[in-house]
Amino acid sequence: MRYDVMYASQVVGYAQIEKEGLYCRIFASCQIEKPGIYKLQVKNGHKIVKTLTCIPGKQGYTAETRIPAKQLENGEVHFVLMEKNQISQRQATVNPEEEFPYMAQLEQAVLVSAAGQPVIAIREAPTQDPQDSDPSPEPDDKSGCSE
C-alpha cells in the first residue's frame, strides 16, 4: 500500500508498506529541497509507532524499517516528516493549586561541576527507613528521678 508523507501540511513524498509474514516492511522516499537532518514518524491513529532517521541521497531522503504487523492493524497509518529539532517533546500539565513535583525538586538543587561542565544536582529528601524508626523512647539524661 502507498501512503503520502506529510511535511508542514504538504505532501513531500510517499511511503510504501509491504506485509512480510508477521512484520511490515516500510520504505519511504521524500523529495525536500532544504538540507538538514529529518526524522520520519510512523503513526497509527494518534500513537507514534516508530521514528526513523532519514538518509540523504541523490534524489532526496529515504528511510526503511520493519515493524510488527500488529502495531499497524488498528487505526489509520500516517507518515509525518519533521526536522530533527522539531520532534515533539513530552509535556506535563501544571495545576496552579497543586505543587508541581519537579519544581519542588529544583528547590533542593545545587549547581556543581562534573568533568568541567556545570551540572544541576538535586538533593533527595531524606527518607526514614522502617529499620530506623524505633517506637521505644530514648532515655532522657535530664530526668534524673531518684526515689
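- Under a cut-off of 6.0 angstrom, the local environment of CD in E76 is sparse, with at most 12 non-hydrogen atoms contributed by other residues, nucleotides or ligands.
- Between F79 and Y3, the ring planes lie tilted relative to each other; the angle falls in the 30° to 60° range.
- Checked against side-chain hydrogen bond (donor to acceptor under 3.5 Å, both in side chains), T53 has the following partners two or more places apart in sequence or in another chain: K39.
- Here SG of C24 is found 6.0 Å from CD1 of I17. Values are rounded to the nearest 0.5 Å.
- Placement of Y7 and V5 within a single hydrophobic cluster is found when ILVMFWY residues are connected by side-chain heavy-atom separations under 4.5 Å, directly or transitively.
- Evaluation of the side-chain hydrogen bond (donor to acceptor under 3.5 Å, both in side chains) rule for E64 yields R25 as partners, not counting sequence neighbours.
- In this structure, OG1 in T62 is found 10.5 Å from CG in L52, a value given to the nearest 0.5 Å.
- Distance CG/L81 to CG/D4: 12.5 Å, rounded to 0.5 Å.
- With sequence neighbours excluded, the residues satisfying salt bridge (Lys or Arg N to Asp or Glu O under 4.0 Å) with E20 are R66.
- Scored by the salt bridge (Lys or Arg N to Asp or Glu O under 4.0 Å) test, K70 finds no partners at all (sequence neighbours excluded).
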Verdict with supporting geometry, V49 and V77, side-chain contact (heavy atoms from CB on, under 4.5 Å): CA-CA 9 Å; V49 176; V77 180; over 6 Å; no
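- One hydrophobic cluster, built from ILVMFWY side chains closer than 4.5 Å, holds both L72 and M1.
- A search for side-chain hydrogen bond (donor to acceptor under 3.5 Å, both in side chains) contacts involving K50 returns T65, not counting sequence neighbours.
- By the 4.5 Å heavy-atom criterion applied to side chains, M82 and Q41 are counted as neighbours.
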Below 3.5 Å, can you tabulate the donor-acceptor pairs from side chains in residues 26-36 to any protein atom, sequence neighbours excluded?
from	atom 1	to	atom 2	distance (Å)
S29	OG	Q31	NE2	3.4
Q31	NE2	Q59	O	2.9
K34	NZ	E83	OE2	2.7

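- Between atom OG1 of residue T51 and atom NZ of residue K43 there is a gap of 9.0 Å, rounded to the nearest 0.5 Å.
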